[in-house]
Peer 1: 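Dumping the structure here so I can ask a few things about it.
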Amino acid sequence: MKTYLLFAFSLFTLVLSAQQNGSVVGKLTDKELNNEPLPFANVLIKGTTKGTTSDFDGLFQIADVEPGTYTLVFSFLGYETLEVPNVVVEAGKVTEINAGLGASSVGLDEVVVTTTARKDSEIALLLQQKNALVMQEAISAEALTLKGIDDAAAAVAQISGISKQQGSSNVYVRGLGDRYQNTTMNGLSLPSNDVEKKNINLDLFGSSIIENVAVSKAYSPTFYGDFAAGNVNVDSKEYTGDGYLEVSMGSGINTNAAGEDFVKSEGTSDFGFYNRYDNNPFAVVLSHGVDPEAAWDPININGAIEGGYSFDFNDDKSRLSFFGAASFANGYEIWEGPARDFTNVLKVDFPDVREFAYKSTTTALANVTYRINTENKVKFSSLFVNSAADRVGYYGVNGQGRNRDAILDTDQGFYVMNVQFNQDMIFVNQLTGQHLFDDKLSLDWGVGFNKVFSDEPDRKRITLENYQLALDNDDTTNPVFYTNIPFDNQRFFQSIDENELNSFMNLGYKVSDKVKFNFGYNGRRKERRFSSIRYGYDIVNRDNTPVTDVNNLNSIFNVENINIPSGAGLWNTIVLNPITNEIGNTNRPGLPENTYKGNLGIHAFYTTAELGLTDKLSLVPGIRIESFSQKVEYDVINISPVDPGFREVYENIFLPSLNVKYALNENSNLRAGFSKTASFPEFKEVAPFVYESVTQRVGGNPDLLGGLNGDGATYSDIYNYDLKYEWFLERGEIISLAAFAKTIKYPVNRVVAADATGTQRYFRTGDQADIYGVELEARKNLVMDSDENAIVSMGLNAAYTHTEQDLKDIPAGTENTFGTSFDRSSDQLEGASPFIINADLNYSPTFGNYKPKATVAFSYFSDRIFSLGAGSLGNIVEKAVPTLNFVWQNSFGEHFEANLSAKNILDPDITFVREGTDLGDIVIREYNLGVNIGLTLKYKF
């Protein structure tokens with residue numbers, strides 16, 4: 001593939017030839033009827049035959065206009081003709097003209113002309129959605145600003161059938177979770193920044209670097225075959241105007257964290273970086289203690305800088321444009337509530353947990369765009385993201401923690417301190433091109449390289465018994481270490497290194513105005529390398545090592561107390577995988593105890609036809625042929641000694657699709673779609689490494705790649721059915737209603753495995769899952785000003801999704817590596833919410849130079865399954881969460897903004913419940929996030 005890509009890249013750079021024309025859009029109103037929309041008026045570029053007519057809502061669009069200066073002519077029978085001179089059309093931009101016609105002459109001062117980037121404009125995106133042959137939905141940068149949306153995750157939640165999990169970056173499309181989605185930037189695949197997820201966190205994409213966010217829920221062969229719920233594409237911002245520089249600074253508080261003495265991991269920076277990666281983990285264990293350290297005062301801060309500049313030359317036919325943005329933001333939260341481990345029985349119970357959560361994100365984007373001429377454009381995009389999460393958790397702080405396996409007292413005093421830091425660094429580099437060879441032939445292409453470093457360095461976990469004695473103010477009674485195994489007190493190090501090369505190419509051939517063919521290729525080559533190692537503290541004599549100060553564990557875990565060379569120390573280090581047996585595993589460095597390497601290869605060719613059968617009816621049939629290969633090699637603990645240590649599959653799949661559009665009239669469409677797609681397992685779902693948090697254990701299952709003997713399913717076939725009605729009202733308004741159905745063969749769910757540890761693993765739990773649902777979307781302007789700009793507007797989208805899958809027992813043994821069983825024959829699909837609602841109300845008046853924008857946004861998702869229960873054990877259910885946010889943007893003139901926000905105003909509990917136990921429904925985790933209040937000041941030079 002590398003040879004192919006290098007050849008293709010060389011060819012493309014030698015044959016630089018893509019259209020970069022502009023377009024003219026707008027709205028005509030009838031001055032004789034109180035500025036009602038004026039339909040069927042003629043719009044013509046003077047001196048040409050290029051033109052159009054306005055639709056029922058007065059909207060019009062003249063697409064594919066070469067850059068230049070024109071005179072636009074508006075006419076309507078019985079009305080005065082209006083000519084608008086000096087209309088400038090720029091490459092890649094939208095010129096918007098809003099005007100009124102009447103029986104008497106109209107002055108040019110009544111015409112409003114604005115120019116924006118094509119994908120920035122809300123009206124342009126709606127017209128694009130209206131005219132597109134395949135179902136698509138998008139939210140523009142203009143709408144992001146209007147609604148006070150500050151990241152891509154919040155942006156997609158404005159689209160029907162999509163919800164964002166509060167306190168998390170998880171986004172659910174049509175009720176389906178992370179494994180059923182894809183995320184791209186500029187049409188090229190993006191890596192995940194979290195080992196536990198398939199997709200990148202969308203909240204890492206701040207609004208300053210977004211041109212628009214589009215969601216495709218109906219399949220087209222241009223997408224990868226691994227498609228079920230949808231594809232989210234983020235178009236990075238370009239800049240083509242005069243130079244500018246914008247700087248913003250902000251601050252805020254979280255109501256839970258404000259005024260608290262905050263702590264974080266030792267050895268980490270406040271900006272989300274860790275400086276000990278070059279040191280061997282054993283050296284870190286000996287050199288650095290386990291206690292957390294004091295953090296800055298818990299005041300949230302954020303800052304951003306962005307700017308752009310363009311150089312025009314060669315008589316304005318060529319342009320070199322630069323855009324750059326960099327930002328930093330952090331956040332402090334304190335989570336308080338219970339945490340429990342219930343698998344068959346209540347194993348561990350912490351009625352009171354106090355967790356200090358600190359997160360920080362650094363983002364930098366650079367775009368360089370070279371428009372060679374009006375037919376050719378290339379763009380280089382580089383994105384850097386550093387996302388860090390620091391959590392210091394104290395489990396059992398009230399002394400009432402319980403553990404059925406405790407040595408001294410099973411009913412009280414069990415306590416765990418868990419201190420961990422996770423850092424994810426992502427580097428994305430992309431080169432894309434758009435070319436037009438003539439009026440019939442066009443070429444779009446892109447090549448990208450992604451690099452990910454995902455690390456959990458030096459997690460410290462200390463476990464005590466009789467913690468209640470630390471609360472009795474009696475110096476003679478103290479907690480002691482829990483020493484069931486040496487790894488009850490441990491240091492843990494985990495590292496992931498991932499590389500991905502991806503590409504696409506689309507060759508379009510326009511036979512006529514009614515027929516166009518697309519031929520394309522896209523591919524991916526990805527490799528992930530994972531390793532982890534633990535060092536356990538083996539306490540020599542716990543009865544003689546009381547913990548006299550639970551806030552000063554470093555007095556015990558320092559190198560002076562190691563049990564060498566005299567043998568009179570307090571502890572030894574234990575590692576499971578020694579370098580050699582001669583060196584041994586005590587007080588010596590070791591080798592990783594868990595490793596895996598995953599390789600993914602995808603090569604696909606596709607073709608589609610865009611067929612305009614009549615003026616109203618269009619068909620887009622397509623076929624994709626995709627070659628899929630996946631191999632995972634692993635060396636992990638607690639796996640059967642007869643396991644081969646790898647799984648490998650190779651499949652060729654055929655994915656047909658059909659999209660139908662019928663224009664009922666000028667402003668409404670009826671659409672239908674059918675497609676066959678697939679769902680492939682992720683590396684983390686396949687590799688049998690088990691990640692252990694304080695109260696949960698999650699591991700992969702290599703049987704997802706064909707079973708233990710290679711005769712099972714390696715992927716899931718998915719059949720998709722879509723039907724949608726959309727009605728485009730006034731400018732920026734839409735009402736749509738959609739119905740959808742899906743069938744997933746051999747679905748994958750997270751289930752408790754049939755073993756003594758209660759580990760959750762991934763299984764193909766049945767033969768089929770069926771999904772169907774309906775979606776409603778409405779965007780409406782309620783109050784308009786004299787220039788037809790919305791003063792008050794609202795948005796609403798809601799979705800109902802029903803899921804049902806059959807369940808079957810999976811016995812462990814010669815056929816399966818791991819087993820599980822069920823006491824029921826069917827259930828809902830993991831991660832699916834039956835009800836999703838998103839609503840917003842926007843107020844945007846104008847008072848001279850003061851232009852405030854106030855937005856109230858509400859979202860809700862109903863209960864959904866987090867993990868399927870096995871045997872007689874009930875499901876883990878994530879309970880419903882309502883969210884309410886308020887943003888008040890204050891623009892003073894052209895340069896200055898002061899923005900106030902209040903996020904998570906309702907501050908609901910985040911609750912996970914284990915249903916149907918012998919003790920009833922058990923809350924296994926619960927906390928709230930607090931309200932985030934912030935103020936940001938922004939100045940544009």
Peer 1: Check whether any side-chain N or O of Glu733 sits under 3.5 Å from a backbone N or O of Asn781 as a donor-acceptor pair, and report yes or no.
Peer 2: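 Checked: pair present.
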
Peer 1: Between Lys440 and Tyr509, is the side chain to side chain contact (heavy atoms under 4.5 Å, CB included) condition met? List the steps.
Peer 2: CA-CA 5 Å; Lys440 295 182 178 295; Tyr509 181 70; 4.0 Å; yes

Peer 1: For Asn199 and Gln181, which I'm curious about, is there any donor-acceptor pair between the side chains at under 3.5 Å?
Peer 2: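 Per modelled atom types, Asn199 and Gln181 side chains form no pair under 3.5 Å.
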
Peer 1: Using a distance-only test with no angle check, is there a side-chain donor-acceptor pair under 3.5 angstrom linking Asp722 and Asn720?
Peer 2: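 On atom types as modelled, these side chains do not qualify, holding no pair under 3.5 Å.
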
Peer 1: Under the criterion side chain to side chain contact (heavy atoms under 4.5 Å, CB included), which of Ile653, Thr677, Asn652 is the partner of Glu626?
Peer 2: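 When side chain to side chain contact (heavy atoms under 4.5 Å, CB included) is applied between Glu626 and each of Ile653, Thr677, Asn652, only Ile653 qualifies.
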
Peer 1: I'd like to know if the side chain of Ser503 and the backbone of Gly446 have a donor-acceptor N/O pair within less than 3.5 Å.
Peer 2: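 Not confirmed, Ser503 side chain does not pair with Gly446 backbone.
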
Peer 1: Taking atom types as modelled and ignoring hydrogens, do the side chains of Asp770 and Thr743 form a donor-acceptor contact shorter than 3.5 angstrom?
Peer 2: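 The criterion, which ignores hydrogens and geometry beyond distance, is satisfied for Thr743 and Asp770.
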
Peer 1: Within the distance-only criterion (no hydrogens, no angle test), does the side chain of Asn231 pair as donor or acceptor with the backbone N or O of Phe223 below 3.5 angstrom?
Peer 2: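 No; judged by distance alone, with no hydrogens or angles, the pair does not exist.
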
Peer 1: Enter the distance from Ser668:OG to Ile735:CD1 here, rounded to the nearest 0.5 Å.
Peer 2: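 Going from OG on Ser668 over to CD1 on Ile735, the span is 11.5 Å.
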
Peer 1: Is it the case that the side chain of Lys93 and the backbone of Gly22 share a donor-acceptor pair, with hydrogens and angles ignored and the cut-off at 3.5 Å?
Peer 2: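 It does not hold such a pair.
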
Peer 1: So does Ala214 get a backbone contact from the side chain of Asn233, meaning a donor-acceptor N/O pair under 3.5 Å?
Peer 2: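 Absent.
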
Peer 1: Please answer whether the main-chain N or O of Lys46 pairs with a side-chain N or O of Thr71 as donor and acceptor at a distance below 3.5 Å.
Peer 2: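 No.
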
Peer 1: Got a salt bridge between Lys514 and Asp615, using NZ or NE/NH1/NH2 to carboxylate O under 4.0 Å?
Peer 2: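 Salt bridge between Lys514 and Asp615, a charged N being under 4.0 Å from a carboxylate O: yes.
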
Peer 1: Is the side chain of Lys516 donor-acceptor paired with the backbone N or O of Gly508 at a distance under 3.5 Å, no angle test?
Peer 2: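 No; judged by distance alone, with no hydrogens or angles, the pair does not exist.
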
Peer 1: Please tell me whether Tyr606 and Asn506 have a donor and an acceptor in their side chains that are separated by less than 3.5 angstrom.
Peer 2: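 Side-chain D/A pair, Tyr606 to Asn506: present.
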
Peer 1: Taking Lys237's backbone N and O only, do any of them form a donor-acceptor pair with Asn367's side chain (distance below 3.5 Å, no angle check)?
Peer 2: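 Looks like yes, one N/O pair under 3.5 Å.
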
Peer 1: Distance-only, no hydrogens or angles: does the Thr95 side chain make a donor-acceptor pair with backbone N or O of Val24 under 3.5 Å?
Peer 2: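 No: the side chain of Thr95 does not pair with the backbone of Val24.
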
Peer 1: Is there a donor-acceptor contact under 3.5 Å from the side chain of Asn797 to the main chain of Glu775?
Peer 2: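 A pair under 3.5 Å: no.
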
